[in-house]
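Presented below is the structure to which this report refers.
The residues of the chain are indexed from 1 along the displayed sequence.
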Amino acid sequence: MTLEEIRALVADEFTATDARIESSLGSDVVLVNQLGHYIVNSGGKRLRPLVVLLSAGALGGKIEQAPSLAAIIELIHTATLLHDDVVDASDLRRGRKTANALFGNEASVLVGDFIYSRCFQMMVGLGDMRVMDILAETTNRVAAGEVLQLMNCHDPDTSVEAYYQVIRDKTAILFSAATRLPAVAGGCEQDLEQALADYGMHLGIAFQLIDDLLDYDSDADTLGKNIGDDLAEGKPTLPLILAMEKGSTAQRDMIRQAIREGGLEHMDEIVSTVRSTGALT
C-alpha cells in the first residue's frame, strides 16, 4: 500500500487531528502564530499522528481521544524540531528553510517552549492521569536523548550501544507512545498495551536507522535536508561507526578526524568508504 492509501484508512480521524493541531497554535502573540503554523505546515508526512490513528483503528472500536492524542504527539515532535534545528544550526528541513533560518534562533526556541507547554495543557484537558504520565515520561526521555546525542557529537569512540540509546530516546520513544496511547485510552489489557508499545519502539528505531542511512545514500531533494548534515555536525551515526569497524586504518583515521572536526572536507571519500565497506547493508 502507498502512504496515501494507508492515510485513507483513517481520513476522517486525520482531518479531526489536523483541526486540533491548527486550533492549538492559536495565540494573541503574532509571532507564535506565524512560526508555529510555518513549522507545522512545512511539508512533513505527519507519520507519528498517523501511527496513533492506525493503532487506534487496529484496536477495533472507536477511541474518542485518538485525534487529540495524535495532535499532541505531532506537536511534541514539532517542538523538538524547532529546538533541534537551533542546536544543529540547520538551515534546511523537508526541502524548505528551517524556522530558525527565517525567524531566528531566539524565536524558534521560545515558540518551541510555547508548543511544549500547549501540549501539556492539551494533556490535562484529556483528564487521564495514565496518558499524562506516559506523555510526560516520553517528553523527558526525548529531551534526555537530545542531550546524549549532543554529548556524543565529535566523539569518534561512540559505541553502537550508545548510538542505539540515542535513537531509542530521541526518536523511537515517541513512536512507542504513539502506538501505546490508544490502548491506554481504550482501556485495553496490559499485555496488548505493551505489545503495541514494543511495536512502536521497533518502528521508531527502524525509522531512524533508515534516516541515518539516507544521509550517505540519497540526495537533498529526496531527503529534504542537506546531504552530509550529520557528518558536518560531527554526529557518529551507525554508518560511520560500522565503516570505522570495517575499513582500513587510513579510512578509519579519515572518518575519526571528520567526526572530531565536523565539516564536509572529505565528504566524497567518506561516502565512498561507507558504501564500499558495506556499512549501509
Output the distance between atom [atom1] ([X]) and atom [atom2] ([Y]), rounded to the nearest 0.5 Å.
X      : Y      : atom1 : atom2 : result
Ile39  : Ser108 : CD1   : OG    : 8.0 Å
Ile205 : Ser176 : CD1   : OG    : 9.5 Å
Ile76  : Ile173 : CD1   : CD1   : 11.0 Å
Asp169 : Glu146 : CG    : CD    : 10.0 Å
Leu192 : Arg180 : CG    : CZ    : 12.0 Å
Thr237 : Gln149 : OG1   : CD    : 9.5 Å

I'd like to know if [X] and [Y] make a salt bridge, using a cut-off of under 4.0 Å between side-chain N and carboxylate O.
X      : Y      : answer
Glu4   : Lys45  : no
Arg256 : Glu261 : no
Arg46  : Asp18  : yes

Exercise. Compute whether any side-chain donor of one residue and acceptor of the other, for Gln257 and Asp253, lie under 3.5 angstrom apart.
Key: no
Practice problem: Indicate whether the side chain of Tyr163 and that of Asp212 have a donor and an acceptor atom separated by less than 3.5 Å. | Solution: yes
Quiz item: Does any non-hydrogen side-chain atom of Ser24 lie less than 4.5 Å from one of Leu75?
Solution: yes
Quiz item: Side chains of Leu35 and Phe114: closer than 4.5 Å at any heavy-atom pair?
Solution: no
Quiz item: So, for Lys235 and Cys153, which heavy atoms are closest and what is the spacing to 0.1 Å?
Solution: CG-SG, 3.8 Å
Practice problem: Report yes or no: is the cationic atom of Arg7 (NZ for Lys, CZ for Arg) closer than 6.0 Å to the six-membered ring centre of Phe14, at no more than 45° off its axis? | Solution: yes
Self-check item: Backbone of Val109 reached by a side-chain donor or acceptor of His83 within 3.5 Å
Solution: yes
Quiz prompt | Donor-acceptor pair, side chain of Thr17 and main chain of Ala70, under 3.5 angstrom | solution =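 Answer holds: no.
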Practice problem: Could you tell me which residues satisfy ring-ring contact (aromatic ring centres under 6.0 Å, His included) with Phe207, sequence neighbours excluded, listed by chain and number? | Solution: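 Checked Phe207 against ring-ring contact (aromatic ring centres under 6.0 Å, His included); matches are Phe175.
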